Each structure stands twice: as C-alpha cells, then as structure tokens.
Amino acid sequence: MTGAQPHSGATAADPPPASPPAPRPDLWQDACMAAALFAVDPAGVAGLSVRALPGPVRDLWLQMLHEFLPPETPMRRVPLHIADGRLLGGLDLAATLRAGRPIAERGLLAEVDGGVVLLAMAERVARSTAAHLSAVLDAGEILLERDGLTARTPTRFGVVALDEGADDDERLPNTLVDRFSLLIDLTPLSWREVQTLPPDIEVSDILRARTHLPAVTLDDEALDALCGTALALGVDSLRPTLAAVRVARVAAALAGREQVAPEDVSLAARLVLAPRATRLPMPEQPEDEMPEEPPPPEDHQDDQDQDNSPEQEIDKPLEDQVLEAAEAAIPADLLAQLQLGALRARSRTSGKSGATQNASLRGRPAGTRRGEPGAGARLNVIETLRAAAPWQRIRRTERAGSVAEAAEAAPTGQAKRKRRHSQAPEVRPRVEVRLDDFRITRYKHRSETTTIFAVDASGSAALHRLAEAKGAIELLLADCYVRRDRVAMIAFRGATAELLLPPTRSLVRAKRSLAGLPGGGGTPLALAIEAAVDLADSVQRRGGTPVVVFLTDGRANVARDGTGGRTQAGEDAMSAARMFRSAELTGVVIDVSPRPRTEAEQLAREMNAVYLPLPHADASALSNAVKAVA
C-alpha cells in the first residue's frame with residue numbers, strides 16, 4: 001500500500017516521482033454509488049451518463065452495474081446509426097408482403113420494457129434518435145404513427161449513455177442530458193486506482209431497496225434545500241431538481257431509511273446538481289457595520305455565553321450543508337468550460353469538420369426521399385418495397401376489378417378464355433410497385449472549414465498582432481489533416497486590404513507568404529470586411545464552410561474610397577458589418593487592444609459575430625478561440 005500514499009509525503013524509500021498518483025476514493029465511490037442508485041430504480045432515475053474512454057476502468061464499472069442488476073433485467077445495446085423502424089417499431093416488411101396487409105413489428109425500446117438501454121458512443125448519436133429517446137422517456141410509451149400503422153406501446157426503462165468524447169466539444173445532446181439524473185466522469189481515474197477500491201454495496205442491498213423505495217418520504221426542508229442549491233448553482237431547468245428529489249429518495253431506500261436524511265440530500269446534490277452548475281455560488285455579503293450596542297447586564301452574560309456555545313456555531317442550515325457538498329464536486333475548470341460553451345453556442349457550424357450538407361451521390365446515408373433513380377441517384381429497394389407494401393390489397397382489388405370490367409366488355413370468345421383462366425389455380429400476384437413508391441437514398445457529408453484571418457496590420461502594435469496571428473495559423477495548420485481545414489489570411493493597412501494567403505493547407509507556403517509582412521498606416525476596416533465577405537462567398541460556392549476571424553481594435557480611420565476621417569470610416573465599417581450579417585457568415589471579432597474597446601464590441605454586434613476581448617492573447621489562446629467556433 002506504499003504506492004497509494006500521497007506524493008507530498010514521499011521519502012527517500014518511496015517510488016520515484018513517475019509513480020502513479022494517489023487514489024481518489026471519493027470519485028470512484030461516487031461512481032459506484034451512481035451505479036447502485038441506477039440499479040435500484042432504472043426507470044425512475046431515467047438515465048446515467050458515463051464519460052470515459054474504452055478501457056479497463058469503464059469495463060470494471062459496467063461489470064459492477066451488471067452485477068447490481070437482477071439477472072432477469074432485459075438489456076439492449078442501441079447501435080449508433082439505428083433506424084427509426086428498429087428503434088420504435090414499424091412495418092414488418094416480410095410479414096406484410098406475405099400476408100398482403102400491414103403487420104407491425106416491435107421495436108427495440110418496446111423489447112426493453114422494465115430494463116436498461118445501453119447507448120454506445122452517445123456523443124455521436126443522431127439528433128432524431130436522441131429526440132425519440134427523450135419523447136419515450138417523458139411519456140413512458142411509444143406512439144407509433146407511420147407506414148399506415150397507429151399503436152401505443154407502454155414501456156419504461158433506464159438509459160446508460162457511454163460518452164466517449166475525447167474533446168470538450170464532443171458531448172451528449174442537451175435533450176438527453178436534461179432528462180438524465182446522474183452524470184459521472186471516469187476520465188481522471190486509472191486502473192491502478194480503482195482495482196483496490198471495491199464497492200461497499202451488495203446485490204442484496206439493491207433488492208431490499210427496490211421493495212422499500214415506495215415507502216420513502218421527503219420533507220419540505222429537504223425539498224427547499226435542493227431547490228435553493230439548484231438556484232445557487234445556476235441550474236435553471238426544473239428537471240434536474242426533480243431528478244435530485246428522486247435520487248435522494250433512492251439513496252434513502254438504499255440506506256434502509258424511511259425518511260430522506262441530510263446525507264441523502266447532499267449525495268443527490270453532489271451527483272445531480274453539481275455536474276450541471278453554470279456558476280459558482282456567490283459568497284455571503286458582509287453585513288453593514290452597525291453601531292455597537294451597549295453590553296448586556298451581568299446577569300444575562302451567562303445566557304449569552306450559552307447561546308454562543310461551539311455546538312450552536314457548528315450547526316448549519318440544511319441548505320448550506322447541501323450547497324457545500326455540491327460546491328466541493330463542481331469541476332475546477334467550470335469557468336473555462338462555460339466560456340467555450342458560450343462560443344460554440346453562437347456558432348452555426350457543426351464542429352471541426354465543417355457544416356453538414358445534403359448530397360445525392362456521396363457521404364453517409366441519411367434517410368430517403370421520394371424520387372426517380374437517374375443522374376447518379378440510387379434507388380433504395382427496401383424503402384421502396386416498404387412504401388408499396390401497405391397498398392397491395394387495394395391495388396389487387398383494383399386489378400381484379402379492371403380485369404372483370406375488361407372481361408365483360410370483351411367479345412364472347414375472349415370472355416370464354418377469361419373464364420377458363422379464372423378457373424385455373426390461383427397464383428399469388430407479385431408485389432405491385434408504382435412510380436410514387438420509388439425512394440431515393442439521401443446522403444450527408446461534412447464540408448471542409450476554411451478559417452479566414454483578417455488581421456489589422458496598421459498602427460504601432462501591428463507587428464505584435466501579426467506575430468500572434470502567424471503563430472495561430474501555424475497551430476491550426478499543424479492538425480489540418482485531422483480537422484480537414486484550410487486557412488487564409490487577409491491583411492489590411494493604409495488604403496488596401498490584401499489577400500496574403502489564399503486558402504491552403506500547406507504550412508510551408510503559409511510561412512513563406514507571411515514572412516516579412518510590413519506594418520503601419522491607416523485602418524481600412526470597411527475594405528477588410530468586404531474582402532472577407534468576397535473570399536467567404538467563393539469558399540461557399542466551392543462547397544466549403546467559411547469562418548472569418550477579425551483581429552482588430554475596431555477603430556477605423558480610412559473610408560471605403562481611401563480617404564481619411566474617422567466619422568466616414570466608421571459609417572462605412574458599420575455598413576460593411578451589416579453586409580457581413582446579411583450574408584449569414586460565422587465570425588469572431590478578437591479585440592487585441594491593450595484594453596477592451598467599445599468600437600470592437602459594437603462592430604461584432606453589427607456583424608452578429610462573437611466578441612472576444614483578448615488584450616494579452618498569444619498564439620495558443622487565439623487558436624483555442626478559433627477552434628471553439630470553427
């Protein structure tokens with residue numbers, strides 16, 4: 001157990017500094033407790049998100065969850081690109097074609113009633129799948145209205161979402177996170193830490209808690225504490241607070257209590273509310289100084305000493321205890337995560353690989369549409385048969401009626417031949433497919449992103465701005481093969497805005513084009529915005545996704561016609577900013593002045609772009625800011 005000692009207490013006989021870090025039993029014990037709470041009431045907890053890469057730590061946690069669940073609990077794994085028909089149920093194509101009438105099949109969510117759904121690679125789940133899961137979790141039933149079928153199937157289950165996101169921008173959809181009760185992160189844990197920390201919960205405890213849960217009650221004080229904690233942490237949605245109430249009741253049942261205790265409320269706040277915190281709790285404001293009161297009489301001095309006893313000072317309201325427990329579990333980098341999240345929320349692109357675009361010839365299959373094959377479009381045979389199957393009985397009736405009408409109108413000899421054919425053994429007709437049944441496969445693909453830097457090369461600080469821009473461009477080009485990005489650069493100074501670097505992935509070409517760039521002169525901001533809009537338009541025409549990044553202080557002093565004057569130059573810059581806004585481009589205005597200026601913020605507002613003041617920005621900060629929105 002010497003390797004488990006903290007590094008601060010190391011001696012000469014201890015392992016070298018490269019030894020593994022000290023175990024963190026609180027984090028692993030919280031993960032074990034989350035698995036136990038979910039096993040007690042999967043449908044009530046609704047969902048549990050596990051953020052961890054594939055490895056022995058996650059495998060050990062999943063094995064522990066399997067041991068907690070009763071053996072008869074159904075469990076189904078949802079593939080990443082599952083079809084809606086398999087997920088919710090729909091038309092059984094083979095049975096429908098055999099019977100000649102619509103026959104429904106049970107979907108995966110109906111099969112897992114009373115069990116657990118395992119959602120693998122949940123950070124990449126399709127929006128439609130997330131929406132269907134959310135709707136079923138809310139309603140407790142599947143409403144099927146498709147392919148000529150209408151049915152309601154009750155089903156209640158819990159979802160275990162395996163979040164394998166390696167970056168901060170790879171997260172679960174908000175629709176699922178808002179409905180899940182428990183969010184745990186196993187990323188900081190290592191196998192060496194968790195293998196010596198077995199859970200202190202037995203399967204018998206889970207079974208006893210299931211029978212004891214309906215009798216557990218929660219008083220008003222505990223409810224007020226959870227609501228106050230959610231308000232202090234900035235958790236605006238009501239669903240997490242309700243989830244915290246359910247988790248507190250489950251924790252009390254697991255401990256064998258009939259009444260929710262303060263430790264159950266603190267556990268619920270730590271597991272449910274703390275991971276959703278959007279702000280740090282505000283410290284208590286010191287009370288205004290009041291005039292000193294005269295000392296009390298001596299006969300009342302003993303009573304005052306008794307009121308100020310240590311026991312009275314230790315006791316705190318339940319809400320303060322719960323808030324302290326939740327505050328201790330808040331991630332240390334909460335503010336940085338919130339800042340990056342705000343930048344991504346303003347972006348209209350789809351992440352590192354550009355925006356999603358529809359296509360008909362290449363990409364990932366994304367459903368079907370009605371149409372005729374041709375010009376490279378591919379016929380989806382299965383979906384075509386699925387569209388034609390519900391109409392087979394009607395079409396056979398129409399065909400029989402048309403044959404009878406033709407026989408009545410035909411000459412006598414032909415009528416006899418028709419009767420002889422009608423007396424022949426019945427042959428099952430083939431599937432009748434009409435033109436309206438044709439379905440064409442649709443595809444989606446990611447367009448490549450082109451980051452356009454528009455750098456202010458004017459003024460005395462131009463050399464500093466250009467140096468940081470060059471460093472940011474080199475950092476972005478370093479992983480361009482992973483991001484599938486291109487980088488371009490526009491420098492504006494004097495009376496011109498010059499395209500120094502056309503869209504490229506070549507780092508050598510970028511360094512060669514950016515070397516020896518002069519600085520100084522006026523600031524033709526309007527010309528720079530127009531040049532960026534023209535370049536972004538050409539990128540869009542080639543099927544790319546442009547992201548424009550302006551590095552400027554926003555103080556224009558050269559008008560569109562090349563004349564000086566701040567008044568006219570400012571009006572031209574605002575007019576060009578509105579043109580940028582009408583083009584619906586994604587933009588970032590980075591204020592690189594020593595102090596944030598209102599001109600740059602107003603420019604970003606007119607452009608509908610993200611305003612980011614970085615007075616001391618270096619190449620790494622600029623690169624991270626661009627990655628957050630690009």
Side-chain angles (χ1 to χ4, degrees), residues 4 20-80 112 115-125 133 157-167 170-172 176-177 179-207 209-210 243 246-247 250-251 254-255 267-268 270-276 329 331:
R24 283 158 289 186
D26 53 345
L27 185 58
W28 178 245
Q29 291 299 332
D30 283 350
C32 297
M33 180 60 67
L37 296 175
F38 180 82
V40 171
D41 188 14
V45 175
L48 190 155
S49 172
V50 183
R51 185 170 179 84
L53 294 176
V57 176
R58 195 183 75 174
D59 294 342
L60 179 62
W61 187 90
L62 289 175
Q63 180 182 356
M64 177 179 58
L65 178 62
H66 279 281
E67 294 176 354
F68 285 161
L69 293 171
E72 66 275 6
T73 303
M75 179 174 291
R76 299 289 187 275
R77 179 182 290 267
V78 177
L80 182 60
V112 78
V116 177
V117 169
L118 193 62
L119 189 61
M121 301 180 68
E123 77 282 356
R124 300 184 182 181
V125 67
L133 280 173
F157 52 85
V159 181
V160 176
L162 302 180
D163 183 1
E164 302 177 5
D167 299 331
E170 295 180 345
R171 295 284 181 176
L172 267 69
L176 291 179
V177 173
R179 288 162 175 81
F180 288 179
S181 297
L182 302 174
L183 308 176
I184 61 175
D185 189 358
L186 302 180
T187 305
L189 296 174
S190 65
W191 170 249
R192 197 180 290 268
E193 293 175 328
V194 303
Q195 62 180 350
T196 59
L197 297 172
D200 53 357
I201 302 173
E202 302 293 338
V203 180
S204 58
D205 300 334
I206 305 294
L207 299 177
R210 286 193 169 192
R246 291 193 297 268
V247 170
V250 174
L254 188 60
L267 176 64
R270 189 167 70 247
L271 296 180
V272 180
L273 300 179
R276 295 174 166 88

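As the structure is a computational prediction, the values presented were derived from the model and not from experiment. For the numbers below, each heavy atom of this structure counts, side chains included, while hydrogens, waters and symmetry mates do not.
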OG-CG distance between Ser49 and Asp163, expressed to the nearest 0.5 angstrom: 5.0 Å

Nearest-0.5 Å distance, CH2 of residue Trp28 to CD1 of residue Ile184: 8.0 Å

Taking every non-hydrogen atom, the tightest pair across Pro42 and Ala39: CD-O, 3.8 Å

All side-chain hydrogen bond (donor to acceptor under 3.5 Å, both in side chains) counterparts of Thr187, not counting sequence neighbours: Asp185

Minimum-distance pair of heavy atoms, taken over all atoms of Val247 and Ser181: CG2-CB, 4.1 Å

Set of residues satisfying salt bridge (Lys or Arg N to Asp or Glu O under 4.0 Å) with respect to Arg210, sequence neighbours excluded: none

Residues in side chain to side chain contact (heavy atoms under 4.5 Å, CB included) contact with Gln63, at least two apart in sequence or another chain: Leu60, Glu67

Side chain to side chain contact (heavy atoms under 4.5 Å, CB included) assessment of Val50 paired with Leu186: CA-CA 7 Å; Val50 183; Leu186 302 180; 3.7 Å; yes

Intermediate values then yes/no, side chain to side chain contact (heavy atoms under 4.5 Å, CB included), Arg51 and Glu123: CA-CA 9 Å; Arg51 185 170 179 84; Glu123 77 282 356; 5.8 Å; no

Non-hydrogen side-chain atoms of Val78 and Val125 separated by less than 4.5 Å: no

Main-chain N/O of Leu27 paired with Asp30 side-chain donor or acceptor, under 3.5 Å: no

side-chain hydrogen bond (donor to acceptor under 3.5 Å, both in side chains) involving Asp41 - partner list, sequence neighbours excluded: none

Min side-chain heavy-atom separation Val116-Val160 under 4.5 Å: yes

Results of side-chain hydrogen bond (donor to acceptor under 3.5 Å, both in side chains) for Arg58 - residues two or more places apart only: Glu164

Minimum side-chain heavy-atom gap Leu207-Asp205 below 4.5 Å: no

Set of residues satisfying side chain to side chain contact (heavy atoms under 4.5 Å, CB included) with respect to Asp59, sequence neighbours excluded: none

Reported CZ-to-CG distance for the pair Arg179 and Leu133, which is rounded to 0.5 angstrom: 10.5 Å

Leu62 side chain reached by Leu162 side chain, heavy atoms, under 4.5 Å: yes

Side chain proximity check, Ile206 to Leu254, heavy atoms < 4.5 angstrom: yes

Validation row: Phe38, Val250 side chains within 4.5 angstrom (heavy atoms): no

Atom CZ of Arg76: over 12 foreign heavy atoms under 6.0 Å: yes

Rounded distance [0.5 Å steps], CZ in Arg246 versus CG in Leu37: 12.5 Å

Student check: side-chain heavy atoms of Leu183 and Arg276 closer than 4.5 Å: yes

Flag side-chain contact, heavy atom, 4.5 Å: Leu182 against Val45: yes

Stepwise side chain to side chain contact (heavy atoms under 4.5 Å, CB included) test for Phe180 and Leu172: CA-CA 11 Å; Phe180 288 179; Leu172 267 69; 3.8 Å; yes

